[in-house]
Amino acid sequence: DQQVKQNSPSLSVQEGRISILNCDYTNSMFDYFLWYKKYPAEGPTFLISISSIKDKNEDGRFTVFLNKSAKHLSLHIVPSQPGDSAVYFCAARGAGSYQLTFGKGTKLSVIP
Amino acid sequence: EAGVAQSPRYKIIEKRQSVAFWCNPISGHATLYWYQQILGQGPKLLIQFQNNGVVDDSQLPKDRFSAERLKGVDSTLKIQPAKLEDSAVYLCASSLEARSNEQYFGPGTRLTVT
């Protein structure tokens, strides 16, 4: 039973264009969402997060949007750069819980 | 600031053998996590420590996996005996406290069980 789903295993985008990575969740008790970025042979690195009381959080080139009614969040990267090529994991945490539940990840390739 | 350290980086063992992984979290981080990441999956929490106490080990296969965090700093994760399905990357992470929004991950140990 996958509670956090990233349905696109991979995504290719031209340098300078927008990258949109999507994530869906099924557990309505999740109240905090995070995106992690992972390069090969390294551990995941925290990128950006959003609380369920917000619908948007922005940090430089990265923006996360949350649609609670649709149980959907997305990560926008504008403009995309070759160094953004990595696997992106969506993660969620439930109210009162310490545990993060991760999706399977989406591999982003930014083509120069 | 030094990151989360893990060793070894790679390990190959035969099934039914035992193996141990070591993690040194970021200095001052009270909370330590062990995750298992099977190829093509996201990380799955195995166990979470707050200082030297266990907060959550509900997904730890306790018949073969064990973990400890003596003195509330370093931690070891052991598998005994290993099965083929234990082949995965074992990630250690730490955070300032249990409800911290950000966890810092180490590079992981890639385990191959043959």
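As the structure is a prediction and not an experimental result, all values here were calculated from the model.
From Leu77(B), atom CG reaches atom CD of Gln36(B) across 9.0 Å, with rounding to the nearest 0.5 Å.
A side-chain donor-acceptor contact under 3.5 Å links Tyr33(B) and Ser95(B). If you check the side chains of Thr76(B) and Asp74(B), you find no donor sitting under 3.5 Å from an acceptor. For Thr31(B) and Gln50(B), the side-chain atoms include at least one donor-acceptor pair closer than 3.5 Å.
Ranked by heavy-atom pairs under 4.5 Å with chain A, the first of Ala93(B), Gly108(B), Pro43(B), Gly40(B) is Pro43(B). The greatest number of non-hydrogen atom pairs below 4.5 Å with chain B, out of Ala41(A), Pro44(A), Gly105(A), is found for Pro44(A).
At a threshold of 4.5 Å between non-hydrogen side-chain atoms, the residues Trp22(B) and Asn24(B) count as touching.
Residues forming a side-chain contact (heavy atoms from CB on, under 4.5 Å) with Glu15(A) (at least two apart in sequence, or on another chain): Pro82(A), Val110(A), Pro112(A).
For a residue to count as touching a neighbouring chain, one of its non-hydrogen atoms must lie under 4.5 Å from one of that chain's; by this rule Tyr39(A) does not touch chain B. For a residue to count as touching a neighbouring chain, one of its non-hydrogen atoms must lie under 4.5 Å from one of that chain's; by this rule Gln48(B) touches chain A with the side chain only. Gln103(B) touches chain A through backbone and side chain together, each having a heavy atom under 4.5 Å away. In this structure, no portion of Lys107(A) lies under 4.5 Å from any heavy atom of chain B. Of the two parts of Arg110(B), neither the backbone nor the side chain holds a non-hydrogen atom closer than 4.5 Å to a non-hydrogen atom of chain A.
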